[in-house]
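Everything numeric here is computed off the predicted structure, so don't read it as measured data.
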Amino acid sequence: FGTGGLTVLVAELLVPHKISTLIDGLALASLAMAAFSIWALKTRRLFGWGMTVRVLTGIGIIFVGGLADPVLAGTFAMIVIFPMISPAYLYAARRAVPFMVIGTGSMVTTIAIGHDKPWSLAQAIVAGTVVFSLVTSVILSQSRLRMLIRLHYERSVTDPLTGIANTRRLNQELERR
């Protein structure tokens, strides 16, 4: 987000008055969000809510930007993929699915409303379906990977013949206490 906001502001400096004031404001909001994220990570504050705030704010910025500038609506709509993939990769499905639904909904709305062409709705539906499928596949693959990691961990700390904990688990329990 910080890179995107900085890019828009640099473009405004290089070619003045080509970018709307609202887009400039969204660029500043992106920079503020990037600074907030860095601060939150360094101070370890808002660790649980930090990702939620960043993703929802980012989706909001992208949604407003897409509605504000119809020429760039398709671009803004597709940028929403990035804040949706990170929770899909980092979180379990129950936390990632709401981001996916909100992000895909804002993307479809941005494309459908942002363009005044008759095929806008068809474009919105196709793009929404593709992004929804992409993010769903990331969520499912991460879920499967987490399950395999748990399975391999359990196999590594138990005896395969008896099912009793082995010395590795004993050492881990002793280190914890």
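- Without hydrogens or angle criteria, Ser156 side chain to Tyr153 main chain gives a donor-acceptor distance under 3.5 Å.
- For the side chain to side chain contact (heavy atoms under 4.5 Å, CB included) with Thr104, the lone residue among Val131, Val130, Thr109, Thr129 that qualifies is Val131.
- The distance from atom CG of Leu134 to atom CD1 of Ile139, rounded to the nearest 0.5 Å, is 10.0 Å.
- The CG atom of Asn166 sits 8.5 Å away from the CD atom of Gln172 when rounded to the nearest 0.5 Å.
- Atom CZ of Arg176 is separated from atom CG of Asn171 by 12.0 Å, given to the nearest 0.5 angstrom.
- For residues 134-159, the set of pairs meeting the salt bridge (charged side-chain N to carboxylate O under 4.0 Å, His left out) definition, not counting sequence neighbours, comprises Glu154-Arg169.
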